[in-house]
Amino acid sequence: MVDKNFKDYMLSNEIVKSLTLLGYKEPTEVQREVMPLALERKDVVVKSQTGSGKTAAFGIPICETVEIEQREPQALILTPTRELAVQVKENINNIGRFKRVRCTAVFGKQPMTVQIRELKQRVHVVVGTPGRVLDHIKRGTIDLQKVEYLVIDEADKMLNMGFIEEVGSIIDAVPRNRSTMLFSATLPEEIEKLCSKYMKSPVRVEITPEALVSSRVEQELYEVERSEKFDLLKSVLYVEKPDSCIIFCSTKDNVDELNERLKDEGIYCNALHGGMEQADRLSMMKGFKRGEFKILVATDVAARGIDVEDLDLIINYDVPVENESYVHRIGRTARAGKSGKAVTFASPGERRYLAGIEDYIGYTIPRVEPPSREEAQKEKKEFITRLKDISSLKSDKTEVLSKDVTKIYINAGKKKKMRPGDIVGAITAIEGVTAEDIGIIDILDYVSYVDILNGKGRLVLDTLRNTTIKGKEVKVEKAEKPQR
Ligand code: AMP
């Protein structure tokens with residue numbers, strides 16, 4: 001039977017409401033397969049490609065089953081990279097927003113103190129990279145005793161990045177009586193070993209509805225001398241006029257160099273690679289997702305897990321050395337049922353990598369002739385004009401969902417004995433506002449933050465400005481920037 005609707009999974013209204021606002025009309029295949037198993041708390045091994053909707057496949061059941069009153073984390077999700085951790089966290093926060101599910105991400109290069117503070121609060125779901133999660137376990141700053149769901153996302157990447165031992169140590173620290181879900185694009189022997197060692201008769205789900213590469217990705221290959229790649233790149237950009245494009249290079253030096261060369265030509269773009277500060281990487285990705293700039297020059301590591309809607313062009317300026325990277329890179333386009341184009345530049349020195357890739361995907365990538373110089377030049381002006389036009393900024397999904405949510409700041413916290421009940425009491429005393437309109441409440445030592453849902457933020461702010469909480473005058477304002 002093919003279920004048509006999220007309502008067929010007996011999900012609560014709060015979860016269905018988020019899914020509707022996220023624009024998820026019906027479950028994807030991996031969601032149809034995995035959700036019922038996860039809701040029954042079965043162990044699952046899922047072989048599925050990125051872009052299949054796998055995050056929500058575990059995110060929805062986790063949010064659905066979370067006990068909101070419980071303080072300790074009930075789900076732990078391990079991801080190979082920080083970018084993916086942040087993305088998964090956002091996804092879970094979006095899915096669980098109306099249920100008030102709190103999800104936090106822990107990863108390296110972010111101050112421990114901030115994470116420790118977050119982990120001390122009520123947190124239902126923790127997403128993290130193995131190294132940092134293990135660090136918290138060793139320091140005793142994370143309590144995993146109530147974890148019921150353990151998710152290992154992109155397990156093959158963890159293996160390739162050398163994290164598998166750490167993953168094993170983390171699993172040992174999580175209660176046995178849990179369900180484990182492992183997601184991976186491939187299932188090499190080491191992953192199989194991990195599954196048989198740590199999982200209880202896992203149900204296997206294999207999502208291979210499409211070939212390794214979606215047929216919605218139009219692939220093209222240019223055979224070109226290394227020295228001619230830059231001119232070819234310009235021509236391709238002029239002709240294609242992408243609204244959102246990632247150009248992949250194999251090293252961070254190549255990324256920086258190409259980024260500069262493009263800028264020198266008046267082609268506005270930005271770079272993303274692992275050598276950059278974490279905060280810069282995140283804000284760069286955010287800007288790109290929102291469409292603040294249209295061309296991103298990146299390395300594989302930095303682009304892993306990037307989930308950008310409507311990415312219409314991928315350019316492999318350097319042929320990836322690993323076969324799987326090719327699939328990963330071009331899988332960034334044509335997501336969620338859309339179509340896209342992937343263009344590869346192969347110099348004679350890169351032919352052997354290309355041969356490996358074609359062997360891996362099982363066919364020859366169509367060779368095409370470069371656009372003529374005249375043809376390209378004719379298109380240049382329009383390309384440059386369009387490149388500058390960022391009038392239609394995309395709001396990312398979090399923002400769409402946050403539109404109805406206002407975060408308010410109160411200048412009193414634990415030290416003034418502020419409790420959630422006090423805040424709820426003050427807010428629900430306002431006419432036209434009920435407990436349903438209050439989202440997550442964060443009470444810190446000196447200040448508190450409250451999410452007001454359903455577009456009632458203004459009303460709450462205006463009323464609380466002239467009132468007292470617990471008989472004390474407090475300052476209530478719109479929080480300047482999102483705290484989570
Ligand atoms: P993932 O494979 O988890 O990285 O998801 C790929 C993309 O599909 C993300 O942009 C999701 O927000 C989107 N997505 C996930 N589930 C659905 C759904 N049921 N309907 C539409 N889009 C979805």
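All heavy atoms count here, side chains included; hydrogens, waters and symmetry mates do not. Nothing fancy with the numbering, it's 1 onward along the sequence. All ligand and atom numbering here is 1-based and tracks the order in the structure. This is a predicted model, so every value here is computed, not measured.
Checked against a 3.5 angstrom limit, the closest N/O atoms of K25 and ligand 1 fall outside it. The shortest N/O to N/O separation between G53 and ligand 1 falls below 3.5 Å.
Heavy atoms of F6 found under 4.0 angstrom from ligand 1 belong exclusively to the side chain. Under 4.0 Å from ligand 1, the heavy atoms of Q31 that appear belong solely to its side chain.
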Given the rule in the ring pair (Phe, Tyr, Trp, His ring centres under 6.0 Å) test, do F58 and Y149 qualify, once you have shown the distances and angles that lead to the verdict? CA-CA 9 Å; F58 60 79; Y149 282 107; 9.7 Å; no

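With respect to L221, the side chain to side chain contact (heavy atoms under 4.5 Å, CB included) criterion is satisfied by exactly one of T344, V343, V319, N316: T344. Across D300, D256, T299, a single residue satisfies side chain to side chain donor-acceptor pair (under 3.5 Å) together with H273, and that is D256.
Between E69 and R122, at least one side-chain nitrogen of the basic residue sits less than 4.0 Å from a carboxylate oxygen of the acidic one, meeting the salt-bridge criterion.
Side-chain N/O atoms of Q219 and Y363 include a donor and acceptor closer than 3.5 Å.
Ring planes of Y222 and F345: perpendicular class, angle over 60° (limits at 30 and 60°).
The E26 neighbourhood of ligand 1 comprises atoms 18 (C), 19 (N), 20 (N), with distances under 4.0 Å to a heavy atom of that residue. Every atom of ligand 1 with a heavy atom of T55 under 4.0 Å away is listed here by number and element: 1 (P), 3 (O), 4 (O).
Residue contacts with ligand 1 do not include Q87, since none of its heavy atoms lies under 4.0 Å from the ligand.
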